[in-house]
Amino acid sequence: MKIATYNVNGINGRLPVLLRWLAQSQPDIVCLQELKAPQEKFPDKPIRDLGYDAIWQGQKSWNGVAILSRVGQIHETRRGLPGDPDDSHSRYIEAAVNGILIGGLYLPNGNPKPGPKFDYKLRWFDRLIAHAGELLATGQPVMLAGDFNVMPTDLDVYKPERWLDDALFAPEARAAYFRLLEQGWTDALRTLHPDEAIYTFWDYFRNAFARNAGLRIDHLLLSPPLAERLVDAQVDVAVRGWEKSSDHAPVWIELADATTSARRAAPRRRVTPVRA
DNA sequence: ATGCCTAATGCAATTAGA
């Protein structure tokens, strides 16, 4: 089973790119972020025409998250993180699909730092960690996938020294990411590629993609029962080069069937996350 | 320190992204 996350940066402006990628990459389940569309403007008809069921939480102009599936019903379990009834941003949607509980998230950017936006990012992160701990404690197959707006280590930034004061690379943001990981989550991409500089985002500015001046900020985190099934994890880098592309590229993982031993299918390396 | 680019809103210029 192939599960992907993709920050589309405007689902209507990006629709041809999204549909082309879905048809080509054929993911079974997809988490989308930054729909930038109100609830009623989600293009569910062309997505259904490609064979995908969908749930989404839209918002006018900003944010917005969705989960797509072509492998069985999407049983929604919540939209919005607990812990702040005044949080009006559409940044979290969660559902059980094909035996996996999936939390699709768009963590706040947090710039400029310091300021109220950075404070909101850290508070949101705390709420995510609290909720993630409860999900992990169930012992069930759980995945958190989306745009975390955090580069965990120097290896995840093309030029780390330039990003030290940025909300995406601030020590507080990285510390929060590792507090989350240390609950017992596996960072799928980094676990299968422990030493590679891998990016999922390239700025529209300054020809960043051509220079490979990128960041790794889109992550797929797996609970232990899913981590055992991890056989592959990749970024569809080429999609970033398509005309009218998002500034993010899709990221995906391949999971062995629940009944199949991943160890037999493809032994995976275990790595301990390096602290920032 | 700022613009560089792009989308949404709504029709000019602002906000937000990362």
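We name chains A, B, ... by the order of the sequence lines, and we start the count at 1 in each one.
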Toward the 5' end of DNA chain B, by each residue's nearest nucleotide, A:Phe205 or A:Leu168: A:Phe205
Separation of atom CG in A:Leu107 from atom C1' in B:dG17, rounded to whole Å: 14 Å
Ionic contact status for A:Lys113 with A:Asp166, cut-off 4.0 Å: no
Lys/Arg N to Asp/Glu carboxylate O, A:Lys2 vs A:Asp232, below 4.0 Å: no
Distance between C1' atoms of B:dT6 and B:dA1 (Å, rounded): 22 Å
Cationic N near anionic O, under 4.0 Å, A:Arg216 to A:Asp187: yes
For atom CG of A:Asp203 and atom P of B:dG3, their distance in whole Å: 14 Å
Sugar-phosphate only, base, or nothing, as touched by A:Asn149 at under 4.0 Å among non-hydrogen atoms: sugar-phosphate
From CA spacing to verdict: side-chain hydrogen bond (donor to acceptor under 3.5 Å, both in side chains), A:Asn63, A:Ser90: CA-CA 6 Å; A:Asn63 311 315; A:Ser90 296; over 6 Å; no
Sugar-phosphate only, base, or nothing, as touched by A:Tyr106 at under 4.0 Å among non-hydrogen atoms: sugar-phosphate
Main-chain N/O of A:Trp56 paired to A:Arg79 side chain as donor or acceptor, under 3.5 Å: yes
Please produce a list of atom pairs where a protein N or O lies less than 3.5 Å from an N or O of nucleotides 7-11 of chain B.
| from | atom 1 | to | atom 2 | distance (Å) |
| --- | --- | --- | --- | --- |
| B:dA7 | OP1 | A:Arg14 | NH1 | 3.4 |
| B:dA7 | OP1 | A:Lys244 | NZ | 3.3 |

Nucleotide B:dA18, atom P - distance to CD of A:Gln33 in whole Å: 10 Å
Nearest-Å distance once atom P is located in both B:dT14 and B:dT2: 16 Å
Atom-pair distance (CZ on A:Arg174; P on B:dA18), nearest Å: 18 Å
Salt bridge A:Arg127-A:Asp87, side-chain N to carboxylate O under 4.0 Å: yes
A:Asn109 (side chain) and B:dA18 (base): donor-acceptor pair under 3.5 Å: yes
Nearest-Å distance for atom pair CG/P, residues A:Asn207 and B:dG3: 20 Å
Contact under 4.0 Å: A:His248 side-chain N or O vs B:dG17 OP1/OP2: no
Whole-Å gap separating P (B:dA18) and CD1 (A:Ile217): 6 Å
Nearest-Å distance for atom pair CD/C1', residues A:Glu243 and B:dC5: 15 Å
Audit row: A:Gln59, A:Arg91, side-chain hydrogen bond (donor to acceptor under 3.5 Å, both in side chains) steps and yes/no: CA-CA 9 Å; A:Gln59 184 177 334; A:Arg91 294 183 178 276; over 6 Å; no
Short side-chain N/O contact to B:dA18 OP1/OP2 from A:Lys113, under 4.0 Å: no
side-chain N/O A:Asn111 vs B:dA18 OP1/OP2, d < 4.0 Å: no
Sugar-phosphate, base or nothing in reach of A:Asn7, heavy atoms under 4.0 Å: sugar-phosphate
A:His89 ring center near A:Tyr106 ring center (under 6.0 Å): no
Any A:Asn63 side-chain nitrogen or oxygen under 4.0 Å from OP1 or OP2 of B:dG17: no
Rounded interatomic separation in angstrom, taking OH from A:Tyr120 and P from B:dA18: 13 Å
Touch class at under 4.0 angstrom, heavy-atom based, for A:Asp147 against every strand present: sugar-phosphate
